[in-house]
Amino acid sequence: MQIDLLIKPGWVITVNQTDQVLKQHAVAVHAGKILAILPEADAEATYQATKTVVLPQQALLPGLINAHTHAAMSLLKGLADDLPLMAWLQEHIWPAERQWANQQFVYEGSKLAIAEMLRSGTTCFNDMYFFAEETVKAVQESGIRASLGMILVDFPTAYAADVDTYLQRGLALREQVKDDPLISLCFAPHAPYTVSDQSLHRLQSLAEAFKLPIHIHMHETAQEVAQAVALNQERPLARFERLGLLNQRFLAVHLTQLNTSEIALLAYKQVQVIHCPESNLKLASGFCPVAQLIAAGVNVALGTDSNASNNDLDLFGEMRTAALLAKAVAQDASVVSAHQVLRMATINGAKALGLDQAIGSIEIGKSADLITINLGGLESQPMYDPISHLVYCTTREQVSWVWVAGKALLEERKLSTLNEAELIKSAQHWQSLIGETAG
């Protein structure tokens, strides 16, 4: 049988229900999907591939899923470091965005971010930012998969003057991408403190009508929760429960401030939790109780947050930090294993975005969103457990190939659809503009 692609790695890290790791196996890809996973000898006897990629010292695994970021903010990387969240936002980031965040900023910043993510093994990202129409262009040019946020805040920005306009632009975006198989959408209200009950009621009706997720920052800092209690006499999660918003399509990002009853509520309502450990650490926002959430049965995915608060989009680094931080917070070295963290960066992210039937694991019939990691170097020797290595000693520089829906977007660490030199030139142009005004 003639097929498009045959990949013959040293290991196939399936991230299926049993976390199966296969050696001397090949993955057959045709029409953008995984056609078969079978021993190499059987693959050679069964298929004639247009392209065969032989990587005996590399591991093949599902593409990583960045479940929370703000891609265009790549152009603000390192602009304001070593500050607490609200000072960082109110005194530096929001003023910079008011001055610079236009269509060109979003388009070029998103392309820069996508290139970084592809070179870091990310094949799908969940974004929250203004001018998502421009992010669509960057996504389509690059070939990456994305879940894009239909942004909502209660105050005017360069993107929209009022709530009606935010919602209208979101629905227009939905119409624009409805036939693109690589783009899905979320409603993206920014945070409890920037969106009113009235706006949330309207959003809830639309989310129910279209069966779309709601993606929001939640319980990010102790200050946020304390202010909510002072203003409304209830914590943000309690408010959102009262409004009827908590369900399996609710994506709560950060959650560094949780009590026992709230963890039980998240589990009962099947809320998706997006953990951003490095951003939370850098902003000193607090610690998400990941081990307790997992023990309660909550689905926990991983995100990097933006380049402005992290300052990278590296899910390999995020996996390692998530594992180590969870052990320290729980004071238990046995919790949040390497296998669990790899699932957080793959199948759990797919589940959070409602895409787990299509991506997140290497299984027959799923989209061929795949990456390979070179484990042949000195730094990877010896190797007793490849999954342990992926979490605890692999870096993004070991990512060599990336495919989305069977199309190669990175080949031997070279971008196939984006021009690296042009991206660097664009970033340096923005640096000269923004740096001059930032002083």
Side-chain angles (χ1 to χ4, degrees), residues 67-68 85-86 126 128 147 149-155 163 166-167 170 185-276 280 285-303 305 329 344 348-349 351-354 356:
H68 175 70
L85 175 65
M86 295 316 295
N126 182 33
M128 176 193 285
S147 169
M150 296 179 282
I151 197 83
L152 179 66
V153 292
D154 269 5
F155 50 83
V163 170
Y166 284 111
L167 294 176
L185 295 175
C186 292
F187 286 104
H190 169 258
Y193 52 87
T194 54
V195 186
S196 67
D197 284 10
Q198 182 180 7
S199 297
L200 288 168
H201 276 304
R202 295 180 64 184
L203 196 88
Q204 180 187 28
S205 297
L206 292 169
E208 285 299 317
F210 298 124
K211 302 301 179 189
L212 290 175
I214 293 175
H215 169 210
I216 186 170
H217 303 103
M218 177 73 66
H219 284 222
E220 186 171 0
T221 66
Q223 180 186 10
E224 173 201 328
V225 175
Q227 286 182 341
V229 171
L231 287 171
N232 307 311
Q233 290 73 55
E234 62 183 346
R235 290 162 69 89
L237 268 173
R239 173 187 166 208
F240 277 64
E241 164 64 358
R242 173 174 56 80
L243 294 172
L245 286 160
L246 302 186
N247 58 37
Q248 73 277 9
R249 293 194 308 275
F250 191 84
L251 281 63
V253 183
H254 298 307
L255 293 179
T256 71
Q257 312 294 318
L258 291 175
N259 58 38
T260 303
S261 63
E262 287 167 338
I263 292 171
L265 175 65
L266 293 167
Y268 177 69
K269 292 293 183 177
Q270 298 181 292
V271 168
Q272 313 296 328
V273 172
I274 314 300
H275 179 37
C276 302
N280 294 156
S285 298
F287 310 119
C288 178
V290 172
Q292 290 176 262
L293 289 164
I294 291 173
V298 176
N299 184 57
V300 182
L302 272 184
D305 212 341
V329 169
M344 287 166 63
N348 290 13
K351 181 178 178 182
L353 300 179
D356 50 314

Can you list the steps and then say if Phe240 with Lys269 is a side-chain contact (heavy atoms from CB on, under 4.5 Å)?
CA-CA 11 Å; Phe240 277 64; Lys269 292 293 183 177; over 6 Å; no
side-chain contact (heavy atoms from CB on, under 4.5 Å) between Leu200 and Arg239, intermediate numbers included:
CA-CA 11 Å; Leu200 288 168; Arg239 173 187 166 208; 3.4 Å; yes
Before giving the answer on side-chain hydrogen bond (donor to acceptor under 3.5 Å, both in side chains), spell out for Thr256 and Asn280 the whole-Å C-alpha distance, their side-chain angles and the decisive distance to 0.1 Å.
CA-CA 8 Å; Thr256 71; Asn280 294 156; 5.9 Å; no
What do the steps show when you test Leu212 against Met150 for side-chain contact (heavy atoms from CB on, under 4.5 Å), and what is the final call?
CA-CA 10 Å; Leu212 290 175; Met150 296 179 282; 3.6 Å; yes
Quick one: do Leu85 and Gln223 satisfy side-chain contact (heavy atoms from CB on, under 4.5 Å)? Show the steps, please.
CA-CA 10 Å; Leu85 175 65; Gln223 180 186 10; over 6 Å; no
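Partner Arg235 forms a side-chain hydrogen bond (donor to acceptor under 3.5 Å, both in side chains) with one of Glu262, Glu241, Glu224 and no other, that one being Glu262.
The environment of Phe155 atom CZ is dense: over 12 non-hydrogen atoms of other residues, nucleotides or ligands sit within 6.0 angstrom. For Phe287, the CZ atom is loosely surrounded, since the number of other residues' heavy atoms within 6.0 Å does not exceed 12.
Counting only heavy atoms from C-beta outward, the side chains of Leu237 and Leu255 approach each other to under 4.5 Å. A 4.5 Å side-chain heavy-atom check between Leu185 and Phe210 finds every atom pair outside the cut-off. No side-chain heavy atom of Phe187 sits under 4.5 Å from any side-chain heavy atom of Leu152. Side-chain contact between Leu265 and Val271 is absent, with no heavy atoms from C-beta onward closer than 4.5 Å. Side-chain contact between Asn126 and Leu251: present, with at least one pair of heavy atoms (C-beta onward) separated by less than 4.5 Å. Put simply, the side chain of Asp154 reaches to within 4.5 Å of the side chain of Val163, judged on heavy atoms. Side-chain atoms of Tyr166 and Arg202, non-hydrogen and from C-beta on, never get closer than 4.5 Å to each other. Two residues are said to be in side-chain contact when any heavy atoms from C-beta on lie closer than 4.5 Å; Gln248 and Gln272 meet this criterion.
Without hydrogens or angle criteria, Asn348 side chain to Asn299 main chain gives no donor-acceptor distance under 3.5 Å. Under a 3.5 Å cut-off, the side chain of His219 and the backbone N or O of Gln257 do form a donor-acceptor pair. At distances below 3.5 Å, at least one donor-acceptor pair connects side-chain atoms of Gln233 with backbone N or O atoms of Ala230.
With rounding to the nearest 0.5 angstrom, the NE2 atom of His215 is 4.0 Å from the CE atom of Met128. Between the CD atom in Gln292 and the OG1 atom in Thr260 there is a gap of 6.0 Å [rounded to 0.5 Å]. Rounding to the nearest 0.5 angstrom, the gap separating the CG atom in Leu293 from the CG atom in Leu258 is 6.0 Å. Taking CG from Asn232 and OH from Tyr193, the interatomic distance works out to 14.5 Å, rounded to the nearest 0.5 Å.
Scanning all heavy atoms of the two residues, the minimum distance from Cys186 to Ser147 falls at SG-OG, 3.3 Å. Residue Val290 comes nearest to Met344 through the heavy atom pair CG1-CE, 4.3 Å, listed as atom of the first residue, atom of the second, then distance. Residues Ser285 and Glu220 come closest through the heavy atom pair CB-O, 3.2 Å. Residues Asp305 and Cys276 share a closest heavy-atom pair of N-SG, 4.0 Å. Nearest heavy atom pair, residue Ala267 against residue Ala296, reads CB-O, 3.4 Å.
Ring to ring, His190 and His217 are close: their centroids are under 6.0 angstrom apart.
A salt bridge links Arg249 to Glu208: one of the charged nitrogens lies within less than 4.0 Å of a carboxylate oxygen.
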